[in-house]
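Each remark here refers to the structure printed beneath this line.
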Amino acid sequence: MPLEKITDNVYSVGAQHFDRELFDALMPLHYGTTYNSYFIQGTKANALIDPVEPEKIADLLKNLEDLQVKKIDYIINLHTEQDHSGGTPFMLQRWPDAQLVGTAKVAELAELHLHLPKEKYMLVKDNDKLELGGKTLVFRSIPFAHWPDNTTAFLEEDNIIFTSDLFGSHLACGSMYNDDVKLQIRAARDYFAEIMMPFSTQCAKYTKWVKELNPSIIAAAHGPLWRNPSDILDKYEEWTGDKRQRETVIGYVSMHSSTQEMIQRLILRLKDRNMPYTLYNLAAHRDSMSVAVGEMAGDLVEAGGLILAAPTVLVNPHPACLYAAAVVNTLKPKIKVAGFMSSYAWASKAEQFLTTGLSAIKAETLPVLMVKGAPTEKDFERVDEFANAFVDKMDELCK
Ligand code: FEO
């Protein structure tokens with residue numbers, strides 16, 4: 001990503017990874033990602049915030065060279081996950097006199113993940129200031145957005161807040177300046193699903209605080225700048241809140257079409273009841289487990305309903321469905337209603353799946369619909385009843 005000026009003596013110097021397809025070996029990326037890094041030049045000293053993923057260190061070094069940086073005074077780690085801190089040892093090789101800056105938690109985790117002695121850090125606490133000369137950074141921890149060490153730095157004179165992963169988006173568009181806000185919000189929603197959603201309570205608190213701070217720019221660790229911060233702050237308020245839309249996400253697996261036929265009947269009834277839905281086949285392709293489940297997770301940020309359906313494989317639901325449930329259970333979307341349908345050949349324990357597989361989800365659950373063998377007309381009528389009960393519950397809980 002090219003060197004870009006943000007405000008006077010504040011620059012974006014990070015890297016983009018436009019062809020990255022998967023993050024954390026879990027999250028499908030549609031628009032690549034960026035590892036943002038920021039350089040701030042004061043009259044007395046300069047500071048670099050977050051020295052990028054090691055694989056992209058050359059991009060950072062090139063931007064610093066283009067900026068004719070001769071020395072770095074402070075390297076600030078706002079977070080020690082390696083996509084932001086992994087370049088730190090390389091930077092210390094290049095500028096051995098640079099002073100590392102971070103919270104005590106950052107120093108502790110940097111020792112663990114980067115094998116950097118924690119004594120190398122100049123420790124900062126909430127409200128501590130780093131004076132660079134006409135540029136003052138004020139630190140505040142934002143634990144569990146999404147690691148214990150995430151930290152923000154507020155640049156007082158420029159009214160810019162550097163928020164680490166909070167408010168990030170996996171979106172590489174060649175620049176830190178993006179005019180397609182709708183696309184950025186979509187990328188931020190998918191990012192929120194897999195990074196922030198399990199920590200909605202903490203994120204709601206930090207969103208309120210940043211709103212009160214009223215920055216002119218939010219500069220996150222991934223994705224373009226938010227030049228109108230309310231674009232993302234309003235969305236975070238919505239996503240971390242309790243209201244959910246009257247929309248349903250359906251994830252299904254089918255081996256010999258019994259489950260597929262049940263799903264076809266289900267969506268006819270959902271249509272009759274004007275229930276919007278998105279449908280994901282969790283095992284259509286070799287990479288469906290990560291791709292379909294990742295996309296499903298994005299939809300679960302806003303949707304109020306989830307229906308999973310799968311055949312029984314050796315008494316349990318098909319493994320692709322178990323994987324989807326494991327991801328959903330970990331991400332803890334605030335869905336209101338959950339349902340599960342299963343077909344089986346001779347024996348099944350799938351009936352217990354909703355209570356065990358989605359144990360962390362606080363949603364109303366419907367009785368599991370089990371169909372033995374190929375579905376008969378009587379079974380399809382049971383699917384109708386299941387669909388109607390599901391929509392009734394959604395109408396009650398998603399207003
Ligand atoms: Fe983008 Fe938690 O690292």
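Counting starts at 1 for both ligands and their atoms, following the listed order.
Nearest N/O/S atom of D165 with respect to atom 2 (Fe) of ligand 1 is recorded as OD2. Considering just the N/O/S atoms of D83, the one nearest atom 1 (Fe) of ligand 1 carries the name OD2. Taking atom 2 (Fe) of ligand 1 as reference, E81 places its N/O/S atom OE1 nearest.
Closest approach of P198 and A193 over heavy atoms only: CD-O, 4.3 Å. Nearest heavy atom pair, residue M1 against residue N36, reads CE-OD1, 3.8 Å.
Salt-bridge formation is detected for the pair R269/D272: a Lys NZ or Arg NE/NH1/NH2 atom is positioned less than 4.0 Å from an Asp or Glu carboxylate oxygen.
Taking 2.8 Å as the criterion, H84 does not count as a coordinating residue of atom 2 (Fe) of ligand 1, since none of its N, O or S atoms falls below it.
Judged by distance alone, with hydrogens and angles left aside, the side-chain atoms of N159 form a donor-acceptor pair with the main-chain N or O of N214 at under 3.5 Å.
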